[in-house]
Asker: 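Sharing a structure here in C-alpha cells format.
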Amino acid sequence: MDVNGTNFEVITQNDMYNIRNVAYHETKNYIYWSSWSGNITRLNYPSVENDTEVIFHQKAGWYSSGIAVDSINDYLYWSNYSDLVRSNLDGSDITPILNFITNGSIGTLEVDSEKGLIFFINNDDGSIVRCTIDGSDVRSIFSSEWIYDFSLDKKDERIYFISGYSLLESTTYNGNDLKMNSLDFIIWDFEISIDLSDDYIFLADYYYMYQLTKTGNYSDPIMRFTGFEYYTLDIKVYGDAGSSYCKEYSEINDEDKRSKDYLIDLASDHVISDEYLDAGWYRPFSANGDKMPTSPPGKMHCGTIHPIWLNGTLPTYDDGNVSREACVQTENDICEESIDIEIRNCRGFLIYFLQETPANSSFCFGSGPVVCPVGTSSETGFYPGCSSSYPTTHVSVAVQAELLEGSSIKIQGFDPTPSLLPIFRCKFDEGSNETYIYDIFWYINGFKITSYTNIPMKDMNTTLLKHKDWIDSYKMNMEVQCAIRMRYLAYSVPGPLQYSAHFKAGIFPESYDYTVIEGESITISFKSTVPVGCISSHKNLMAHCDQSFYVFQPKKNQNVESCSNNIAIKDIIFKAQFCGIKFGATDWQDEKKLEVYGFSDGLYNSGDRSTYIRLSTSAVSAFNEIWQNVQIPDIKVTVLDKDASMTNRLCQSVNDPHITTFDGKYYHFMDIGEFVIYRNDKGPYWVHALLTNCGFGWQGSACHCAMAIRSRSSLFVIRTCKSISRTKKELLTTPITKLISCDDNDLLIDFNQARNEYKVTLPIGTEIKISISRWSGFIGTVTVKPSIYDINEAKGLCGFPSVTKDPSDDYTHRHNGPVSSDQEFAKSWRITSAMTNEQLFVDEPNFIKDDLILNLPNNPASINNSTTFCTCEDQAGSTEPLDDFNIIQCNLTESTEFCSSSQQSGNQINSYSTSCTISKRKRRSLDHSSVVRRSTTDADDSDDVTESQPLVFDEDINSTDVISQTFRNGWTADIAYQTCQEALTSAIPSDVYSDFVEVDVENFIQSCVSDIEVTGDKSFLSDTINAMATNIITEISRNESLFIMNTTDGSQTILEQITSKLCINNCSNNGICVSGQCECSNGYIGDDCSKDTSTPPVNISLPAEGLCTTTTRSCKKTNIYGDFLSMEVWYKIRYFKVVDNSKLYSSNWEINKAQYRNMFMVTVDLDVSRKTRSASGPTMAEGYEITLSNDGTNFGEEVTILIYDEGCFSCNKSMTCVSLEVCESSMESQENNKDSNKTIIALASSFGVIGVIVCLLALLFYLKHKNSDEKTKVGVYSGCQHESGKNVDNGMLSNRTKTFRENTISDLDVYIEDGGEASVGNFEKQLPPQTHFKNNL
C-alpha cells in the first residue's frame, strides 16, 4: 500500500503466514523475508508474475531469523540466533562473521551500509548491539527493559525503538541522547513493528498501522491501516532511491580492468580509452566496485596509459548531485589535465556524469586484482601471469571424514593398537597422467584455512585437514570444502581450482522446526557426518568410546513465571535416560533419536508456545577435541495446546451429594458408604469418598465425611466423622488426616485457610479440591478438575471424560459399560466390605503392603521399568558431575510436573510435597473412650494431642429402605426454587463470569432446592454458593489469556477482576475480596467478615476432657478446640494448685497470643503463668484456667486443664482428686533408679570395649571379601526404600498397624516417632562405568 494506507495490494501469499522479518534491496527491487520455518525467500517486485524464490532452505546448518540487506555492497545479512551470517543476494557463499553465543542470541537486524555498521537486538536481554559489517568491534550500545523492534534513521544517525510498556524511544548510534515518549494508543504492545521514512515514523501492531511525525510529540497519530483479514507481522517503508537520475543512466559493463590496481600489459592488452565517450550519466558495473579512486593510481593503471582519478571525495546520499574535479595522470604530472564531472549517491550505488577524455586515457572505477580470463590461469588466479598452459583434466572432488590411525597407547589387558583420530580428506580421482602435481586448499565456512602446494599423489596423506588446523577458530557443525588444482610440473602454471561440494561436518537433526501437541510426542532424529575418535582401535575398547551431546533449553525469557495452578510452566520434556544423545566409535553412522513430549502446563494457552533445543558437549577426550563446544543451531519446537480441550470440564459432588460429571451429566446420589469418585489406572490414581448421614434428623441424607486420594504408592486421607451410619451423625472434634508416601513426586497438597479448602495435585496434573464446611463440619464440596491424561481413562462417579465433551457415556457402569440409570451406575462404584484390595479408609490399605514388598531391593519384581522423563532445562557445566546432573534432570515419571504456586503465609499446611517417612507411633490408651493421637508439629512433643476414635461402620449401612423426601417447615418446591435462584444469582451475578466460564446455574439451583427438601431450611445454601464459586475459580485460573489481559483502566488483570467478585456476601462490606477470599478490615473476622472481633471464639473444649497426666505428657502446652474465625487468637491464663480438692490460685491472669492451627484448633503454652506459692496442705494436682479472645480484650467462656500424677492420684473433670493407696510417682521412680544407673554405666563401658574389638574384626572380614561382595547392590533395608534413596519404616513389613499416622488438619509434615528408622547402607556396583575409557584419556 502507499504511505496513506490506500492502494492496498497483495503481491504474494506464498508462505507469508509464516513471516518473521522483512528487508529490501534499495536498487535491485528485491524484497526478502525470513520465516518461522527458517527459510529465506525473495521476490522481485514489481515483476510480471511476482514469483517468489526460496534462496535458503532451512534443513541443516544455519537457521535464519533477523534479516537485513546491504544495498551498497550487495550482501544479505541474517541471524541464526547464535551467529551473524553474511551471504550473497542469491543466498550463496554463506559466511558467518560473528559468533555471539557467549553473549546471547541475535534477533532483529538493521544495516547502515554507508557507515559500515550493523545493529541488532540481543534476544536474551533485549539490548541493542552494534558491530561493523565484517562482524568486528562488537559493543552493546543501549539496554532497556525490553526492546521489541527498532529502525535506523540513517540521516540523523539515530535508532528508534519500541520498548516495554508501549514506549517509543530513540537514541544515537552510540547510545546517547535518549528521548522517550509514551504510546497510549497502542494495544498489542508486545507485537509492534517500526520503520521510518525521511519525515515520518510508521508503527504497526497486529491489526493497525499508525503514522507519526518525527518532530512531533506522538500524541496525535494518524491511523493508516485497519484490518482484521491479515496480521501485520512486520513493516518496511520503501523510499525513493534518489531522483530520476538514479533511474535513467547508461551502463559501463564488464570493465574490471578499470580497477586502480590493474597494470596494463601493452604486449597483450587493448588500451581502454574514453576519448569518444558521449556526455551523460553512467553507472559502472564491475566485480571490483563502482567507486572512483581518490588518489593517483599510477601510470599504466586502470587498463589505460593515462588513468583518470577523483581529486576530491565521494558524496553521501544526502549530498545530492555534487560537482567534482577528475585528474588525468601522465608521466609528467599526477593531474596534468582536469575534467569536470558530476556524481550522485543513489543509496547503494554511484552514478557519474562523464564526458570525453584525451586519447589513451580512461576513468578508473573500483580496486583490487582482475581475474584471469576464462581458459587461462595463473598462480594467484589473477593478472599478471595468466596462461593457458596447464592440465585441463576435470576430476570429481569431495570432502571425506574418516579416522586416521595415530600412536599406540598401552592399556592393561589389551594388545597395543593405534589410536584413532577423526580427520578430513580431500578425495578425488587421479588424472590420466600420473605425473601431475597437485595443490590442495581447505576452507571452513567459506574462509581459507590452509593449503598444500606442489604435492605429488604419493604424498596425499600430508594434505589432510586436522583439528589442530582449525580448532581455535571454528566449531563443529561447520561447512568444510576443499579444492584442488593440477600442474604439469612442480611450480609450473596451475590449472583452475576444482571445488568439492560443501561438506556439513557435525551433528545434524532431521529438521530445525518441529511441532508437538501437549501430552504427545515427536521424535527428533540426529545423524553424525564425522566419526568418533578412540584411544584404541581394538574392537572391545572401541565399544566403550563414545561422545555424549547434552540437551538443554536456552532460556529466552527469564521473566516468565515458573509455576501456575501447582503445575510447572514448561514447554517440552524428553523421554530418555539422560539429557542427551550418544554417538559411539562403532555406531556413529547410526541415526540417534530423541523423543520429545509436549509438556502439559494445565493452562488454556492464549497461543501456541515455542521453545528451543540446544545441544552441547560437557567434556571431550583428547581423541575427540573436534567436538569441543560444538555449535549446533537451535531446534525450534512449537507446542500446540491440548489442555484447552478440558475447558469447562470438571466434576463436582456438592453437599447431600449432587454430582456433575466431567462431561456435564447431573444427578443426585444419596447413599451411605465408600464410593469411587474418580479412578485412573495409569498411576494408579484413585479418589474415594465416605458418605454418612448428615444428622439433624434429616433421614435419607448423605454427606461427605471423608476423602481418600491414592496416587501410585502414596495415600492422603482427610476425615471428619467417627462413624458411618444411615440414621445419625458422629463427627470428630477436629478433622484428622493421614498421609503415607514414599515418593515426593506422588502428591502435592495445598491448604487454603481462607477458603477452608485442600487442593491436591496429582502427577498427571489432575486437581482435587476438598472444601470443609464450617457450619456443618462435613466436607461440603469435592471438585475434580481432570487433565488431558484423563481423557478416555478416568471413571467412577465423575463419569467418563471423552475426547469431546460427550455426556452419552458418562454413566459408565463399573462392569456393564454405559447404562441409562444414574442410580444403577452410581451404586456400581460402591466399595463393599469384600473389596479389601480397594478399601482406602482402613488402617492400612492392601496396596501399601503390596508396594512395599514389590519394592524390596532383593526382589526381582522391584526393578523399575517405569518411564523416565528429563526436563533438561539447564546446561551441564564442564566441571559438574554428569551423573548428579542427570539424576536431578531426569526425575519425572509423567509428562507433566506439579510445583508449589501458593503464596500463602502464616499457615502450617501451606504447599508442600510429601516425604518418604511413615509413622511408627503407637496409640496410647487413656481412661476414657477416645484414643489420643499426636499431631506433627514436633515429633518429640507429647503435648500435641488430638482425639479421634477408630472409624466405625454401623450395621444400618446395609439397609435398603427407601426414605421418601417431602418439603416441610412451610417450604414448597416453588418457594425453594425462587429462594435458591435469587440467592445464587445475587451472590454471583452471571455478568461476572459468563464471558469466560460456562456455569450451569440451573444445576446449582436444583441442588439448593433438593437440599431444602431434605433439611427443611437453607443450611446448605452457603456451601452451594461456595461450590459455584469454586467451579468458576477453578476454570478461570486455567485461562491464560485472563492472566495477560487487563481491565479497561489497566488497574488489574481480568482474572483479578473476576475473582474479586466471588467472595461470600461480598465480604459483608467489611473487607475486600482478593482472589475469591475476604481480607477483613480491622475489627472484623469470619469467612465473610460478618463477625465483630469483640465476639470471642465459641464451642471451646480441651482434649481428654481437660485431664493431663504427667506419666504420658509433659503438660507444658495444650490444644484447644473451638470455632476460630480468625488466625489471630488471644488467650488469658492463670495457674492454680489443688489442695484438699480446693483450688489455690498462685498467679494473676496473663494474656498471650495462641498458636493458630486450623479453624477448629489452637495451641497455648502453659508454663507462662506458673508461679510457686506455699500451700497449707499436700498438693494433689495443679492446673490452669484458660479463656480465649479474638481481639485480646473481650474473652469468652473458661476451660480448665488439670495436671496430675496418675501414679499417685486419680482425678476427674470435676476437679476432684483421690490419693491412691500406693504412690508410684514417676519422679520417685527416677530417684530410685539413680543408683542402678551407675551399675548400668559400668556394664555398658565394659561391653563398649568388647564392641570395639568386634567391629575391628568385622572390618577386616569385610575388606577381605569386598571384591566379591560388591558386585551385587545390597542394603540393610528399612522399609519403603524408594529409588531416590529415601527410607521409611521397616516395621511396616512385620506389623501392619504401624504403617500410617493420623494428624490434625493443621499439620501434615511426616515425621519419625518413637523408635525412629534404621539406617540404610548401600554398596554400589564397582564395575567400571561405561565412560571409563573416555574419562581417562
Side-chain angles (χ1 to χ4, degrees), residues 518-521 575 597 600 602 642 645-646 649-651 653 659 661-663 674-689 707-717 740-743 745-748 760-768 782 784-803 806 809-819 825-832 834-842 845-855 861-869 892-898:
E518 285 182 330
E520 300 181 17
S521 68
K575 184 178 180 182
Y597 277 73
S600 171
K642 187 177 180 181
S645 64
M646 309 309 291
R649 300 175 75 176
L650 56 78
C651 169
S653 181
I659 303 175
T661 65
F662 292 130
D663 289 343
E674 180 178 353
F675 293 89
V676 176
I677 296 288
Y678 158 92
R679 179 169 293 184
N680 186 330
D681 292 331
K682 277 188 172 181
Y685 307 110
W686 298 355
V687 178
H688 289 194
M707 296 297 301
I709 300 172
R710 175 190 178 182
S711 178
R712 298 189 290 222
S713 296
S714 298
L715 177 68
F716 169 64
V717 179
I740 306 174
S741 177
C742 282
D743 192 336
N745 292 320
D746 278 356
L747 286 170
L748 181 72
V760 181
T761 308
L762 302 180
I764 56 175
T766 301
E767 176 184 284
I768 303 98
V782 178
V784 182
K785 177 62 182 176
S787 70
I788 58 176
Y789 304 100
D790 289 315
I791 296 175
N792 291 335
E793 295 290 341
K795 49 201 170 187
L797 297 185
C798 279
F800 182 78
S802 308
V803 176
D806 177 14
D809 55 1
D810 271 14
Y811 294 158
T812 298
H813 191 281
R814 179 168 181 150
H815 305 293
N816 302 331
V819 295
F825 146 72
K827 289 179 179 179
S828 74
W829 290 103
R830 176 194 294 275
I831 301 299
T832 67
M835 299 177 181
T836 56
N837 289 333
E838 299 184 49
Q839 294 170 358
L840 295 184
F841 295 100
V842 294
N846 280 357
F847 79 86
I848 297 293
K849 181 179 180 181
D850 293 343
D851 286 343
L852 287 174
I853 295 173
L854 285 174
N855 287 321
S862 68
I863 299 174
N864 180 19
N865 293 316
S866 62
T867 300
T868 299
F869 292 95
L892 297 182
T893 54
E894 301 285 354
S895 56
T896 189
E897 178 185 9
F898 53 54

Asker: If we only count heavy atoms from C-beta on, is the Pro801 to Asn792 side-chain gap below 4.5 Å?
Answerer: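 A side-chain contact is absent here, since even the closest heavy-atom pair is not under 4.5 Å.
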Asker: Considering the options Ile740, Leu715, Asn837, which one meets the side chain to side chain contact (heavy atoms under 4.5 Å, CB included) requirement together with Phe847?
Answerer: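 With Phe847 as partner, side chain to side chain contact (heavy atoms under 4.5 Å, CB included) holds for just one option, Leu715.
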Asker: Got a second to check how far Thr761's OG1 is from Leu748's CG, nearest 0.5 Å?
Answerer: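 The OG1 atom of Thr761 sits 5.0 Å away from the CG atom of Leu748.
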Asker: For the side chain of Asn816 and the backbone of His813, is there at least one donor-acceptor N/O pair under 3.5 Å apart?
Answerer: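 No.
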Asker: Could you walk me through whether Leu747 and Ser714 satisfy the side chain to side chain contact (heavy atoms under 4.5 Å, CB included) test, starting with their C-alpha distance in whole Å, then the side-chain angles of each, then the deciding distance to 0.1 Å, before giving a yes or no?
Answerer: CA-CA 8 Å; Leu747 286 170; Ser714 298; 4.2 Å; yes
Asker: Measure the spacing between CZ of Phe800 and CG of Asp810 and express it to the nearest 0.5 Å.
Answerer: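 It is 9.5 Å, given to the nearest 0.5 Å.
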Asker: Evaluate the criterion side-chain hydrogen bond (donor to acceptor under 3.5 Å, both in side chains) for residue pair Asp746 and Ser711; output intermediate values, then yes/no.
Answerer: CA-CA 6 Å; Asp746 278 356; Ser711 178; 4.6 Å; no
Asker: What residues form a ring-ring contact (aromatic ring centres under 6.0 Å, His included) with Tyr811, not counting sequence neighbours?
Answerer: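 Result, ring-ring contact (aromatic ring centres under 6.0 Å, His included) vs Tyr811: Tyr667, Phe825.
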Asker: Go through the steps for Asp681 and Lys795 under the test salt bridge (Lys or Arg N to Asp or Glu O under 4.0 Å), then give the verdict.
Answerer: CA-CA 9 Å; Asp681 292 331; Lys795 49 201 170 187; 3.0 Å; yes
Asker: Taking all non-hydrogen atoms of both residues into account, name the closest pair between Val784 and Pro786 and its distance.
Answerer: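 Result for this residue pair: O-CD, 3.5 Å.
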Asker: Any side-chain heavy atom of Tyr597 within less than 4.5 Å of one from Phe869?
Answerer: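 Yes - at least one pair of side-chain heavy atoms lies under 4.5 Å apart.
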Asker: For Arg679 and Val687: C-alpha separation, side-chain torsions, deciding distance, then whether side chain to side chain contact (heavy atoms under 4.5 Å, CB included) applies.
Answerer: CA-CA 6 Å; Arg679 179 169 293 184; Val687 178; over 6 Å; no
Asker: Could you walk me through whether Leu762 and Ile709 pass the side chain to side chain contact (heavy atoms under 4.5 Å, CB included) test, one step at a time?
Answerer: CA-CA 9 Å; Leu762 302 180; Ile709 300 172; 4.0 Å; yes
Asker: So, do Asn680 and Ile764 sit near enough that their side-chain heavy atoms are less than 4.5 Å apart?
Answerer: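 A side-chain contact under 4.5 Å exists here.
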Asker: Would you compute the distance between atom OG1 of Thr766 and atom CD of Glu793 and round it to the nearest 0.5 angstrom?
Answerer: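 So the OG1 of Thr766 and the CD of Glu793 are separated by 11.0 Å.
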Asker: Which heavy atom of Ser600 sits nearest a heavy atom of Tyr789, and at what distance?
Answerer: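 Smallest interatomic distance, heavy atoms only, reads CB-OH, 3.7 Å.
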Asker: Could you list the residues that satisfy salt bridge (Lys or Arg N to Asp or Glu O under 4.0 Å) with Asp663, not counting sequence neighbours?
Answerer: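 Testing Asp663 for salt bridge (Lys or Arg N to Asp or Glu O under 4.0 Å), a comparison that skips the adjacent residues, returns Arg649.
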Asker: Got Ile831 and Phe841 here, is their nearest side-chain heavy-atom distance under 4.5 Å?
Answerer: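 Contact flag for Ile831/Phe841 side chains = no.
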Asker: Is any side-chain heavy atom of Leu840 closer than 4.5 Å to one of Val717?
Answerer: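 No; the side chains remain at least 4.5 Å from each other.
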Asker: Are the side chains of Val803 and Ser645 in contact, using a 4.5 Å heavy-atom criterion?
Answerer: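 No, every pair of side-chain atoms sits at 4.5 Å or beyond.
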Asker: A cation-pi test, strictly: NZ or CZ of Arg710 under 6.0 Å from the centre of the six-membered ring of Tyr685 and no more than 45 degrees from its axis. Yes or no?
Answerer: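 No, Arg710 does not sit over the ring of Tyr685.
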Asker: With a sphere of 6.0 Å drawn around NZ of Lys642, does it hold more than 12 non-hydrogen atoms of other residues, nucleotides or ligands?
Answerer: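 It does: Lys642 NZ has more than 12 such atoms within range.
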Asker: Do Tyr678 and Cys651 have side chains that approach each other closer than 4.5 Å (heavy atoms only, starting at C-beta)?
Answerer: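 With C-beta onward as the side chain, the pair stays apart.
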Asker: Could you walk me through whether Met646 and Lys785 pass the side chain to side chain contact (heavy atoms under 4.5 Å, CB included) test, one step at a time?
Answerer: CA-CA 9 Å; Met646 309 309 291; Lys785 177 62 182 176; 4.3 Å; yes
Asker: Check whether any side-chain heavy atom of Gln839 lies under 4.5 Å from a side-chain heavy atom of His688, and answer yes or no.
Answerer: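 When only atoms from C-beta onward are counted, His688 and Gln839 do not touch, as no gap falls below 4.5 Å.
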Asker: Indicate yes or no: does Arg814 engage Glu838 in a salt bridge with an N to O separation below 4.0 Å.
Answerer: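 Here Arg814 pairs with Glu838 in a salt bridge, since their nearest N and O are under 4.0 Å apart.
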